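Below is one structure; the comments refer to it alone.
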Amino acid sequence: MLADRTTLAQFLIEERRRHPGASGDLNGLILDVALACKAIAKRVAQGALGGVLGAAGRTNVQGETQQKLDVLANDLFLRVNEWGGYVAGMASEELEEPYVLPAQHPRGKYLLVFDPLDGSSNIDVNVAVGSIFSILRTPNPGADAAVEDYLQPGSEQVCAGYAIYGPSTMLVLTVGTGVHGFTLEPQLGEFILTDPSIGLPAVATEFAINASNRRFWEPAVARYVDECLAGRTGPRARDFNMRWVASLVAETHRILTRGGVFLYPRDSKDPAKAGRLRLLYEANPVAMLVEQAGGLASTGRERMLDVVPDGLHQRIALIFGVTEEVERIERYHREQNDRAYDSPLYGTRGLFRAPAV
Ligand code: MN
Ligand code: MN
């Protein structure tokens with residue numbers, strides 16, 4: 001079966017040959033990340049038989065209930081990546097402060113940032129979950145990294161990717177030369193290149209948003225969604241389907257595979273939060289992947305990869321997908337400042353007009 005197939009290690013070695021000065025540390029780090037993902041995939045696949053389902057009985061720094069698998073996946077990422085000498089520190093969704101490597105291990109030149117288990121609320125219902133990671137250069141190779149060292153815009157990422165634990169386990173990554181998908185061959189325990197060049201289609205036929213938040217949306221988002229819902233007879237003159245998995249990795253994988261657009265926009269639900277998703281370990285890696293696949297990722301107001309983080313756990317609005325749709329949504333955000341939006345579906349002229357009282 002390997003006769004005409006490329007393993008992840010072979011792919012990385014061949015990529016590295018195009019950069020003669022490269023030390024191989026990035027490859028070593030990516031292979032360690034892949035090992036952590038394989039270990040997590042195995043535990044996820046065991047489900048209830050592995051005794052890993054359910055709540056861990058504590059909350060994380062985000063104030064979210066930690067699942068047992070959140071804790072397990074976080075520990076696996078730390079253990080697998082702390083000793084190799086590739087990283088100077090790690091930051092995780094599950095840890096309030098950056099992780100300082102044990103004293104006996106050498107400090108490397110990279111920073112590893114990750115969401116060890118994305119979509120963990122979906123575990124108990126057996127829907128796809130994943131892990132998301134981002135690799136940055138540390139400003140001080142060989143020394144422990146400080147919090148500020150992680151606060152780099154996403155454009156500085158040298159690698160970004162995710163593993164998706166679905167019907168099959170896949171690793172999807174970019175090192176800045178396109179997006180590549182690998183499928184786990186479980187008997188060999190190897191990621192095999194199955195999608196050498198992932199590119200977004202030019203035209204979107206699907207959008208993904210949590211519509212239960214509609215009353216908190218800004219006018220630009222309500223306008224965009226209304227126009228999609230209006231379908232063939234509306235201003236878009238074509239029909240759209242709606243999707244919502246509530247697992248960022250699954251949404252990203254679907255959009256990279258067959259296009260569409262995803263919105264978790266800024267809303268007025270909790271004025272203290274500028275969005276729901278985390279900039280460093282969710283929005284930035286997804287944004288790099290999407291741009292490398294030919295799409296766009298935005299806050300609605302600016303390119304995601306240009307945002308300078310102001311905190312490790314900063315939350316942000318995330319809109320990504322095919323270029324045409326994201327550009328349109330950005331335009332609606334600019335235009336909403338000029339004039340009030342009169343919803344054709346929900347306003348006085350609307351389909352869902354309240355009965356007169
Ligand atoms: Mn997540
Ligand atoms: Mn998570």
Side-chain angles (χ1 to χ4, degrees), residues 33 36-37 39-41 43-44 52-81 90-99 112-134 150 154 157 160-166 169-173 208-210 213 244-256 262-265 270 273-290 297 299 304 309 311-320:
V33 168
C37 294
I40 295 166
R43 300 307 294 269
V44 168
V52 294
L53 299 190
R58 55 185 207 240
T59 55
N60 68 8
V61 54
Q62 322 284 338
E64 298 162 339
T65 306
Q66 277 182 319
Q67 305 289 315
K68 282 182 197 162
L69 266 172
D70 285 323
V71 178
L72 192 87
N74 188 60
D75 288 346
L76 279 165
F77 256 84
L78 296 177
R79 291 295 90 76
V80 168
N81 290 291
M90 293 181 256
S92 165
E93 177 185 76
E94 301 297 337
L95 299 173
E96 183 152 14
E97 301 292 334
Y99 180 73
L112 177 63
V113 179
F114 52 86
D115 175 355
L117 198 68
D118 174 71
S120 59
S121 63
N122 279 331
I123 293 165
D124 292 353
V125 291
N126 206 3
V127 165
V129 292
S131 304
I132 314 176
F133 63 94
S134 160
Y150 292 89
Q157 294 172 105
Y162 61 82
I164 180 167
Y165 314 118
T169 289
M170 288 189 73
L171 184 73
V172 175
L173 62 82
I209 191 165
N210 181 354
N213 287 327
W244 187 253
V245 193
S247 166
L248 179 62
V249 163
E251 309 278 3
T252 304
H253 193 69
R254 186 191 62 250
I255 287 174
L256 287 178
F262 169 96
L263 304 92
Y264 212 120
D270 180 353
K273 291 173 187 160
R276 173 75 175 75
L277 295 165
R278 274 54 66 106
L279 174 57
L280 288 187
Y281 26 73
E282 292 178 321
N284 272 343
V286 166
M288 184 178 182
L289 287 161
V290 169
T299 66
M304 186 62 65
L312 215 49
H313 300 291
Q314 180 179 350
R315 292 174 187 253
I316 199 153
L318 173 60
I319 294 161
F320 69 87

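Nothing here was measured: the structure is a model prediction, and the numbers come from that model. Atoms within each ligand, like the ligands themselves, are counted from 1 in listed order.
A side chain to side chain donor-acceptor pair (under 3.5 Å) with Tyr281 is found for exactly one of Glu94, His313, Glu93, namely His313.
For the Mn ion (ligand 1), protein N, O or S atoms under 2.8 Å: 3 in total.
Side-chain contact between Tyr162 and Cys37 is absent, with no heavy-atom pair separated by less than 4.5 Å.
Under the 3.5 Å distance criterion, with hydrogens and angles disregarded, a donor-acceptor pair is assigned to the side chains of Asn74 and Ser92.
Note: Leu318 CG to Arg278 CZ = 11.5 Å, rounded to the nearest 0.5 Å.
Between Phe262 and Trp244, the ring planes are parallel. Angles under 30° get that label, and only those over 60° would be called perpendicular.
Counting heavy-atom neighbours within 6.0 Å of Asn126 CG, excluding the residue itself, gives a total of 12 or less.
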